[in-house]
Number of protein chains: 2
Amino acid sequence: MARAKPDQQESHRTMQVVNHVRAMIENGTLKPGDKIPPERDLARTLLISRASLRTGIGYLAALGVMKIRHGVGTFVADGPPDFGQDSLSFIGALHGFQSWQMFETRILLETGLAALAAERSRDEHQAALAEEVAEMFASVDNPTEYLIHDVAFHRIIAQASGNPILAAIMETIVSSMYDSRRKTVERSIDLRESAGMHREIYRAIRTRKPAEARRLMEQHLRMAQEAQGLERPVGKRGPTSGEKNGSADESQSAL
Amino acid sequence: MARAKPDQQESHRTMQVVNHVRAMIENGTLKPGDKIPPERDLARTLLISRASLRTGIGYLAALGVMKIRHGVGTFVADGPPDFGQDSLSFIGALHGFQSWQMFETRILLETGLAALAAERSRDEHQAALAEEVAEMFASVDNPTEYLIHDVAFHRIIAQASGNPILAAIMETIVSSMYDSRRKTVERSIDLRESAGMHREIYRAIRTRKPAEARRLMEQHLRMAQEAQGLERPVGKRGPTSGEKNGSADESQSAL
DNA sequence: TTTCTTTAAGTGGTCAGACCACAGTATACA
DNA sequence: TGTATACTGTGGTCTGACCACTTAAAGAAA
């Protein structure tokens with residue numbers, strides 16, 4: 001019984017706007033950072049009402065493709081690609097994602113990313129990594145500052161992997177973990193040791209040792225996970241029969 | 001210089017709706033498949049205009065959290081979690097994702113998923129996998145039917161992994177590759193051999209051999225990739241100067 | 001001139017109410 | 001009994017007005 005693909009496209013007008021923008025992106029008329037015409041103008045151009053246009057723009061904004069700035073204008077998103085601010089967070093709330101699952105996902109992604117970076121990174125990436133490592137060592141006494149370079153380091157690895165899809169996924173995961181990471185970093189933790197691990201990862205990438213880069217990255221992330229007190233519960237293979245979710249057990253939804 | 005996190009939240013009213021729905025999801029008032037009140041009612045409840053309410057609903061629909069059915073109502077999404085229909089496709093168009101990158105991502109995810117499934121799968125998952133394998137063998141002469149069971153097989157592995165986040169990402173990737181896969185499967189390819197490989201993967205999972213499950217899954221996917229004639233191009237790391245995309249070169253934008 | 005304040009223009013955000021389009025059900029008619 | 005029609009409920013679109021934020025220009029004060 002081949003059930004047909006549902007394919008519930010959004011309403012006609014919305015799709016009209018979405019497709020229009022998409023076409024402009026695909027043929028190069030619109031690039032990241034560009035500003036699109038004012039709503040009133042664009043609506044007139046597309047022969048639709050401003051309300052409908054706004055529906056379409058809102059849709060694109062939700063996907064993270066457009067950035068809207070009140071009183072200024074609407075722009076095509078730039079910077080590292082991601083899947084939108086709330087997407088993961090929201091789906092997580094809906095399906096009860098747990099923080100150990102976030103970490104597991106992150107480890108799988110970043111170990112792969114590190115290995116790829118060891119194979120494909122270019123000089124510019126390696127230089128950037130070296131710089132971030134240096135900055136990390138320079139800010140071991142400033143947790144807030146340190147975190148910025150930590151994030152930058154992992155982001156550069158993602159870029160160096162040569163796979164923007166993996167990078168985008170990683171970006172989405174990491175950004176939704178940002179808050180809890182900040183708290184963790186701010187309360188103690190040996191930043192000097194952490195910086196040292198980053199340096200080792202950098203060296204493995206620079207000397208093109210994928211297996212070692214992978215191993216070091218995994219070691220680093222598992223340590224970070226433990227520091228956050230989120231060791232994966234033992235035994236228990238997924239929810240057994242009952243209790244899909246008790247209402248509000250705070251230890252869970254760390255999204 | 002720690003630049004502050006931009007954090008451009010959407011407009012006030014939109015967030016009001018989003019947060020309201022989110023709260024209802026988090027406290028269990030709203031569950032997958034549930035219908036939310038009619039727009040006119042809900043707008044009155046939240047003391048906002050219907051237009052603003054619709055902006056918020058549209059936002060949620062874009063994230064894949066809500067499903068809107070014209071003339072029927074608006075529902076909380078059910079079924080396997082994903083990141084929305086267009087998200088990957090659109091971001092891909094914006095950043096020039098290529099099909100070999102899709103495959104690379106898929107391989108990384110699914111090999112990890114297979115290994116986890118070998119560790120954590122329960123009887124029900126194994127039974128479901130066995131059934132899908134049987135169905136695949138039974139439909140080796142019906143490509144369309146075969147694909148359905150193929151997809152189901154991989155989806156069950158994702159579930160069996162016990163990590164819904166990885167499953168959701170996988171779901172998003174796979175669904176955006178669905179079209180090109182259908183074409184591939186429909187034109188030749190030895191489905192009997194393919195079914196055999198799935199059976200081997202199933203056996204590795206059933207006998208709890210993560211490493212073997214991973215190896216077999218990788219082998220399977222690489223073969224599928226080659227069948228699609230999408231071997232990763234050599235040299236060329238990212239788009240050089242010119243020719244981002246000629247209009248309709250089918251080999252590239254397999255999104 | 002320089003600086004601060006005020007004003008204006010441009011752009012997105014919200015509102016109100018009307019009407020259109022679709023899906024499912026109830027009703028009337030054959 | 002069965003088919004065609006009308007009705008009801010729900011989302012989709014339109015119009016046009018007004019609000020809120022941002023920026024820059026114009027004017028006033030130093």
Side-chain angles (χ1 to χ4, degrees), chain A residues 3-21 24 30 33-78 84-86, chain B residues 3-21 24 30 33-78 84-86:
Chain A
R3 56 267 168 90
K5 187 171 50 173
D7 227 25
Q8 28 85 194
Q9 71 271 346
E10 311 307 322
S11 50
H12 184 196
R13 298 303 192 208
T14 302
M15 277 323 246
Q16 187 176 336
V17 175
V18 170
N19 289 330
H20 182 261
V21 172
M24 291 186 74
L30 226 44
D34 284 357
K35 180 181 177 182
I36 69 174
E39 297 182 345
R40 292 162 178 84
D41 294 356
L42 191 48
R44 204 175 326 111
T45 301
L46 297 181
L47 300 175
I48 62 180
S49 72
R50 194 182 153 212
S52 293
L53 174 79
R54 280 177 57 73
T55 305
I57 299 295
Y59 186 91
L60 293 169
L63 294 185
V65 176
M66 309 284 292
K67 302 293 182 185
I68 306 174
R69 296 175 56 190
H70 188 179
V72 181
T74 303
F75 305 80
V76 180
D78 56 355
Q85 300 288 309
D86 307 315
Chain B
R3 56 270 169 86
K5 187 170 50 173
D7 228 23
Q8 27 87 186
Q9 71 272 347
E10 311 306 323
S11 50
H12 184 194
R13 298 303 191 203
T14 302
M15 278 324 246
Q16 187 176 335
V17 175
V18 170
N19 290 331
H20 183 261
V21 172
M24 292 186 74
L30 226 44
D34 285 356
K35 180 181 176 182
I36 69 173
E39 296 182 345
R40 293 163 177 83
D41 295 356
L42 191 49
R44 204 175 324 111
T45 300
L46 297 182
L47 300 176
I48 63 180
S49 72
R50 194 180 153 213
S52 292
L53 174 76
R54 280 177 57 73
T55 304
I57 299 295
Y59 187 91
L60 294 169
L63 294 185
V65 175
M66 308 285 293
K67 302 293 181 185
I68 307 174
R69 295 174 56 192
H70 188 179
V72 181
T74 304
F75 305 80
V76 179
D78 56 355
Q85 299 290 308
D86 306 316

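Reminder, nothing fancy here: chain letters follow the sequence lines and each chain counts from 1.
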Whole angstrom value for the distance that separates P of C:dG10 from CD1 of A:Ile36
18 Å
Please check if the number of heavy atoms outside A:Arg50 that lie under 6.0 Å from its CZ is greater than 12.
yes
With a 3.5 Å cut-off and heavy atoms only, can you find an N or O donor on one side and an acceptor on the other between the side chain of B:Arg50 and the base of D:dG12?
yes
Should B:Thr74 be listed as having a side-chain N or O under 4.0 Å from OP1 or OP2 of D:dG11?
yes
For A:Arg54 and C:dC15, what is the distance between atoms CZ and P respectively, to the nearest whole Å?
11 Å
For A:Ile48 and A:Gln16, the nearest pair of non-hydrogen atoms, with its separation, is CG2-NE2, 3.7 Å
Among the nucleotides C:dG12, D:dT13, C:dC15, which one has an atom lying closest to any side-chain atom of B:Ser49?
C:dC15
Would you say that A:Leu46 contacts A:His20 through its side chain, given a criterion of any heavy-atom pair below 4.5 Å between the two side chains?
yes
Expressed in angstrom and rounded to an integer, what is the separation of B:His70 atom NE2 from D:dT8 atom C1'?
14 Å
Between P on C:dA16 and CD on B:Glu39, what's the gap in Å once rounded to a whole number?
15 Å
Quick one: A:Tyr59 OH to D:dG11 C1', roughly how many Å, whole number?
16 Å
B:Ile68 side-chain proximity, nearest of D:dT13, D:dG11, D:dC14:
D:dG11
Could you work out which one of C:dT11, D:dT23, D:dC14 sits closest to the side chain of A:Arg69?
D:dT23
Do B:Arg40 and D:dG11 share a donor-acceptor pair, side chain to base, under 3.5 Å?
yes
Measure NE2/A:His12 against P/C:dA21 and give the value in whole Å, please.
12 Å
Would you kindly compare A:Val72 and A:Ala51 by the position of their nearest DNA chain D nucleotide and give the one closer to the 5′ end?
A:Ala51
Main-chain N/O of B:Leu30 paired to B:Asp34 side chain as donor or acceptor, under 3.5 Å
no
Using atom NZ of B:Lys35 as one end and atom P of C:dA23 as the other, report the distance to the nearest whole Å.
14 Å
Mind checking B:Thr55 for me? I need base, sugar-phosphate or nothing, with any heavy atom below 4.0 Å counting as a touch.
nothing
For the side chain of B:Arg13, counting heavy atoms from C-beta on, which of C:dT11, D:dT13, C:dC15 is nearest?
C:dC15
Would B:Thr55 and B:Ser52 count as a side chain to side chain donor-acceptor pair (under 3.5 Å) if you check the C-alpha gap in whole Å, the side-chain angles of each, and the deciding distance to 0.1 Å?
CA-CA 5 Å; B:Thr55 304; B:Ser52 292; 5.5 Å; no
Can you measure B:Lys67 atom NZ to D:dT10 atom C1' for me and round it to whole angstrom units?
19 Å
I want to check one thing: is the phosphate of C:dC15, taken as OP1 and OP2, less than 4.0 Å away from some side-chain N or O of B:Ser52?
yes
